[in-house]
Amino acid sequence: MNIFITGGTRGIGRGMVIEFQKRGHKVVYTGTSESSILNSGNQDLENTLGIISNVASRTDTLEASKKAVEYLGTIDLWINNAGVNQPFKHVSELTDEEIRRVIDINVTGMINATSIALEIFKKQGYGTVYNMEGLGSNNMVFPGTVIYASSKHLLSFFTKGCNKELKEYNRVSVGTLSPGMVFTDLLKTSETSDGDKIAKIIGSTVEQVTPYFVKKMEKGKKKINFMPTYKIMWRFIISPFKK
């Protein structure tokens with residue numbers, strides 16, 4: 001398959017680039033700067049291409065999509081992985097810049113990217129967009145995370161809405177990836193002492209999550225959840241017995 005991933009230079013994004021490439025797929029991924037792409041190590045992988053693109057800019061994403069089609073020929077899966085967290089503050093304490101950054105990337109960027117991808121897929125006659133869920137997608141609310149969580153809550157609603165609009169396109173759809181708590185830079189920016197304790201119990205590594213995601217996407221599953229409720233409960237049950 002041919003894969004396009006936004007935010008593929010670190011964390012889950014980079015993990016998916018590596019996993020797809022290992023399994024024989026062609027991958028185009030984006031990073032916000034030349035240094036981020038060079039430092040990712042992905043350029044050493046065969047059949048992969050890194051493109052400088054800021055997902056907050058529709059123009060950038062459109063140009064990246066054209067380069068991806070030129071390199072890949074067609075796109076089978078488009079994965080909106082790029083996202084940012086908010087500073088761990090209450091809403092009243094956040095600056096306009098801090099709020100706008102989350103909205104520009106997690107909301108406007110994701111919506112624009114989905115729009116561009118769906119236009120390509122409608123012309124092709126097939127293709128799946130995957131949007132990355134997070135805290136807020138499951139309606140959970142925690143102080144200090146409200147803007148970020150709201151962006152993910154919107155993402156889940158938006159994804160459902162897109163599928164309603166795609167009923168006449170049997171082979172075009174929008175799915176979701178739900179990783180749970182993963183030890184990435186994004187998680188580190190929101191950790192508290194209580195959050196750190198919980199993360200040690202139910203947190204996972206990129207190396208655990210990404211092979212699961214890739215295998216499920218290869219099989220065509222649309223709603224992919226690495227950490228469903230039963231897994232969370234099991235980890236809490238066994239946590240007292242683990243050192």
Side-chain angles (χ1 to χ4, degrees), residues 1-8 11-30 55 61 65 68-69 72 74-83 106-107 109-140 149-182 186 204 206 208-232:
M1 289 193 296
N2 297 326
I3 321 295
F4 180 81
I5 303 174
T6 68
I12 295 174
R14 180 173 183 268
M16 288 190 291
V17 171
I18 294 170
E19 192 64 27
F20 274 119
Q21 189 271 342
K22 280 199 309 188
R23 298 173 72 87
H25 304 292
K26 260 182 117 173
V27 186
V28 172
Y29 64 94
T30 69
V55 74
T61 303
S65 73
V69 170
L72 298 170
T74 58
I75 301 174
D76 297 291
L77 306 180
W78 176 302
I79 303 170
N80 288 322
N81 170 72
N106 294 10
V107 178
M110 179 273 302
I111 290 173
N112 282 333
T114 302
S115 171
I116 291 166
L118 290 179
E119 184 178 2
I120 293 170
F121 291 160
K122 286 178 179 180
K123 290 177 181 177
Q124 285 183 174
Y126 65 91
T128 303
V129 180
Y130 284 97
N131 289 325
M132 187 69 69
E133 292 189 320
L135 176 65
S137 293
N138 57 1
N139 296 321
M140 293 185 72
S150 294
S151 75
K152 292 301 180 180
H153 184 78
L154 181 146
L155 177 149
S156 300
F157 180 89
F158 171 78
T159 297
K160 292 177 184 177
C162 285
N163 283 314
K164 292 281 187 181
E165 295 181 347
L166 290 168
K167 285 191 173 180
E168 62 184 281
Y169 296 90
N170 295 329
R171 300 178 64 200
V172 179
S173 60
V174 185
T176 54
L177 302 173
S178 183
M181 297 183 77
V182 183
L186 192 68
S204 306
V206 168
Q208 291 172 313
V209 173
T210 52
Y212 180 88
F213 276 174
V214 169
K215 288 175 186 177
K216 293 293 184 181
M217 283 187 275
E218 285 179 327
K219 292 178 180 178
K221 186 172 176 61
K222 299 302 187 292
K223 190 172 177 61
I224 305 172
N225 186 357
F226 179 76
M227 190 58 63
T229 303
Y230 76 89
K231 280 189 180 180
I232 294 173

Decide whether Thr74 and Gln124 meet the rule of one side-chain donor and one side-chain acceptor closer than 3.5 Å.
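Judged by distance alone, the side chains do not pair up.
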Going by atom types only, do His153 and Asn139 share a side-chain donor-acceptor pair under 3.5 Å?
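Yes - a donor-acceptor pair under 3.5 Å links their side chains.
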Given the rule in the salt bridge (charged side-chain N to carboxylate O under 4.0 Å, His left out) test, do Glu19 and Lys22 qualify, once you have shown the distances and angles that lead to the verdict?
CA-CA 5 Å; Glu19 192 64 27; Lys22 280 199 309 188; 3.4 Å; yes
Do side-chain atoms of [X] reach the backbone of [Y] as a donor and acceptor pair under 3.5 angstrom?
X: Asn106; Y: Ser151; answer: no
X: Ser115; Y: Ile111; answer: no
X: Asn131; Y: Asn80; answer: no
X: Ser137; Y: Glu133; answer: no

Run the numbers on Arg171 and Thr128 for side-chain contact (heavy atoms from CB on, under 4.5 Å), then give the verdict.
CA-CA 8 Å; Arg171 300 178 64 200; Thr128 303; over 6 Å; no
State the [atom1]-[atom2] distance between [X] and [Y], to the nearest 0.5 angstrom.
X: Phe20; Y: Met217; atom1: CZ; atom2: CE; value: 3.5 Å
X: Ser178; Y: Lys223; atom1: OG; atom2: NZ; value: 7.0 Å
X: Leu72; Y: His25; atom1: CG; atom2: NE2; value: 12.5 Å
X: Tyr126; Y: Leu77; atom1: OH; atom2: CG; value: 10.5 Å
X: Met132; Y: Ile224; atom1: CE; atom2: CD1; value: 9.5 Å

Please tell me if the side chains of [X] and [Y] come closer than 4.5 Å, counting only heavy atoms from C-beta onward.
X: Met1; Y: Lys26; answer: no
X: Val17; Y: Ile3; answer: no
X: Lys215; Y: Arg23; answer: yes
X: Asn163; Y: Phe158; answer: no
X: Val174; Y: Lys160; answer: no

Phe226 vs Tyr212 aromatic rings, parallel, tilted or perpendicular, using cut-offs 30° and 60°?
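Geometry flag for Tyr212 against Phe226: perpendicular rings.
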